[in-house]
*Asks:* 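Sharing a structure with you now.
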Amino acid sequence: MKIYYEDDIEMDVIADKKIAVIGYGSQGRAQARNMADSGLNVIVGVRSGGNSWNMAKEDGMNVMTIEDASREADIVHILIPDEIQATVYEQSIEPYLTEGNTISFSHGYNIHYGYIKAPNGVNVTMIAPKGPGAMVRRTYLEGFGIPGLVAVEVDATGDALDIALAMGKACGFARAGILETTFKEETETDLFGEQTVLCGGVTELIKTAFETLVEAGYQPELAYFETCHELKLIVDLIYEKGFTGMWKNVSNTAEFGGLTRRSRIITQETKKEMEKILEEIQKGEFAKEWTLENKAGRPMLKRMRELEVGLKIEKVGSKLRKLCGLEK
Ligand SMILES: NC(=O)C1=CN([C@@H]2O[C@H](COP(=O)(O)OP(=O)(O)OC[C@H]3O[C@@H](n4cnc5c(N)ncnc54)[C@H](OP(=O)(O)O)[C@@H]3O)[C@@H](O)[C@H]2O)C=CC1
Ligand SMILES: CC(=O)[C@](C)(O)C(=O)O
Ligand SMILES: [Mg+2]
Ligand SMILES: [Mg+2]
């Protein structure tokens, strides 16, 4: 396992290169601004007249259409939604690539599952933060960074890894460390983590605990504070001090209750289901399902989004977040 830090990485490999960041959303806006603030020649490639076009202009970025940016750049860093990358790549990026260029990603999904294939002579690299775009920017401005992953699928120029690492350093990732991996490993672990813990698992855990308390007659506001709001404070302790550090900071009562009951909540059945979800990812079954969902116009995602907005915890939580100024 190789982890790269600031002092391990030279910037001169990309000092005079033009870097097109395609997309200006969660990751695009954060990474483009971080790299520009690090002194790199960044072009933002987005749809003309769209929200991102206007936002990038307001941020003072050098903005072009995706086609012009791809033609102009030496490195094309693709930060648009995974499910549309292949179409945009085929229509607006690939025709403008030349030998010695690099295409770069922050998730291995489209390369790993074969939706995007680079032409001969073009590097294929990944520099991926292990965190949301807003934190990529916030930690950079605070002088720190989000840990990153670096991978090289195709090294056509012999310096593809140096290029990806320099981009990661310019984004601030090397302050926290950049771990070397592969497109396969990043893709499979990222999908697994977001489905079973970070986004899927944790919201289902919170929702179920909240509903259990409310159905038992407790005040919904108290249930929200207990099962959702306070979770950040506990996770911050784990983030900074690990499990043992967190246990040291909570009461002995919480420690005894938590350690004796947690395996009744996350059971061996849960572990078996996690293994099944990982297998679906490894076999490409999730990717196929997501591709079909998009081809059908996202009926399931639209319905699930509607149900999510309508959840009691969302209504109670929004009211409380507004009252304490967290939410506008
Ligand atoms: N979100 C995150 O925190 C993380 C994301 N990643 C990865 O980063 C990559 C980007 O993800 P993320 O930042 O969330 O993406 P977003 O959903 O935030 O991307 C939005 C951007 O994509 C553009 N866009 C959307 N649809 C199209 C289209 N059909 N044609 C052209 N441009 C389009 C939008 O432009 P417009 O304004 O014109 O609509 C906007 O600039 C993905 O590979 C993702 O897996 C990796 C780690 C974390
Ligand atoms: C923020 C992040 O790392 C995720 C959950 O993998 C994503 O947004 O795809
Ligand atoms: Mg992730
Ligand atoms: Mg992800």
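Read the numbers this way: they start at 1 and go in the same order the structure lists the ligands and their atoms.
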*Asks:* Do you see an N/O/S atom of D190, backbone or side chain, under 2.8 Å from the Mg ion (ligand 3)?
*Replies:* yes

*Asks:* Grab the two heavy atoms, one from D162 and one from V13, that are nearest each other, plus how far apart they are.
*Replies:* O-CG1, 3.5 Å

*Asks:* So which heavy atom in the protein is nearest atom 1 (N) of ligand 1, and how far is it from that ligand atom?
*Replies:* S26 OG, 3.3 Å

*Asks:* Test salt bridge (charged side-chain N to carboxylate O under 4.0 Å, His left out) on E83 and R298; report intermediate values, then the result.
*Replies:* CA-CA 11 Å; E83 67 276 15; R298 297 186 180 177; 2.4 Å; yes

*Asks:* Can you tell me how far apart CD1 (I111) and CD (E186) are? Round to the nearest 0.5 Å.
*Replies:* 12.0 Å

*Asks:* Could you tell me which non-hydrogen atom of N41 sits nearest to which non-hydrogen atom of K17, and how far apart they are?
*Replies:* CB-O, 3.6 Å

*Asks:* Out of all atoms in ligand 1, which are within 4.0 Å of some heavy atom of D82? Include the element for each.
*Replies:* 42 (C), 43 (O), 44 (C), 45 (O)

*Asks:* For ligand 1, is A134 a contact, meaning one of its heavy atoms is under 4.0 Å away?
*Replies:* no

*Asks:* Is it true that S318 and E327 share a donor-acceptor pair across their side chains at a distance under 3.5 Å?
*Replies:* yes

*Asks:* Which of the atoms in ligand 1, numbered in the order shown and given with their element, are less than 4.0 Å from a heavy-atom of G131?
*Replies:* 3 (O), 48 (C)

*Asks:* Rounded to the nearest 0.5 Å, what separation is found between the OH atom of Y89 and the CD atom of E94?
*Replies:* 4.0 Å

*Asks:* Could you tell me, atom by atom, which parts of ligand 1 come under 4.0 Å of a heavy atom of L79?
*Replies:* 10 (C)

*Asks:* Can you pull out the closest protein heavy atom to atom 5 (C) of ligand 1? Residue, atom name and distance to 0.1 Å, please.
*Replies:* Q27 CG, 3.4 Å

*Asks:* Of the protein's non-hydrogen atoms, which lies at the shortest distance from atom 26 (N) of ligand 1, and what is that distance?
*Replies:* R47 NH2, 3.4 Å

*Asks:* Going by heavy atoms, is P81 under 4.0 Å from ligand 1?
*Replies:* yes

*Asks:* Go through H77 and S104 one step at a time and tell me if the side-chain hydrogen bond (donor to acceptor under 3.5 Å, both in side chains) criterion holds.
*Replies:* CA-CA 4 Å; H77 191 38; S104 168; 2.7 Å; yes

*Asks:* To check your reading of the model: name the closest protein heavy atom to atom 37 (O) of ligand 1, its residue, and the distance in Å.
*Replies:* S52 OG, 2.6 Å

*Asks:* Are T181 and E185 linked by a side-chain donor-acceptor pair shorter than 3.5 Å?
*Replies:* yes

*Asks:* Considering only protein heavy atoms, which is closest to atom 23 (C) of ligand 1, and at what distance to one decimal place?
*Replies:* I80 CG2, 3.8 Å

*Asks:* For the 3.5 Å polar cut-off, considering only N or O atoms, please tell me whether V88 and ligand 1 meet it.
*Replies:* no

*Asks:* Which ligand 1 atoms are under 4.0 Å away from a heavy-atom of G133?
*Replies:* 3 (O)

*Asks:* Hey, which N, O or S atom on E194 ends up closest to the Mg ion (ligand 4)?
*Replies:* OE1

*Asks:* Please write down residue, atom name and distance for the protein heavy atom closest to atom 21 (C) of ligand 1.
*Replies:* G25 N, 3.9 Å

*Asks:* Below 3.5 Å, N or O to N or O, backbone or side chain included: is there any such pair between H107 and ligand 1?
*Replies:* no

*Asks:* Which atoms of ligand 1 are found less than 4.0 Å from any heavy atom of Q85?
*Replies:* 42 (C), 43 (O)

*Asks:* Quick one: CG on L165 to NZ on K2, what's the gap to the nearest 0.5 Å?
*Replies:* 9.0 Å

*Asks:* Determine whether any heavy atom of F105 lies closer than 4.0 Å to an atom of ligand 1.
*Replies:* no

*Asks:* Could you tell me how the ring of F286 sits relative to the ring of Y109: parallel (under 30°), tilted (30 to 60°) or perpendicular (over 60°)?
*Replies:* perpendicular

*Asks:* Examine ligand 1 and decide if any of its atoms is less than 4.0 Å from a heavy atom belonging to M55.
*Replies:* no

*Asks:* Are a donor atom and an acceptor atom from the side chains of T267 and K271 found within less than 3.5 Å of each other?
*Replies:* no

*Asks:* Would you say ligand 1 has an N or O under 3.5 Å from any N or O of S106?
*Replies:* no

*Asks:* Does the side chain of M246 come within less than 4.5 Å of N249's, by heavy atoms?
*Replies:* no

*Asks:* Aromatic rings Y115 and Y113: how do their planes relate, parallel, tilted or perpendicular, breaks at 30° and 60°?
*Replies:* tilted

*Asks:* Only heavy atoms of G23, strictly under 4.0 Å: list the atoms of ligand 1 that pass.
*Replies:* 41 (O)

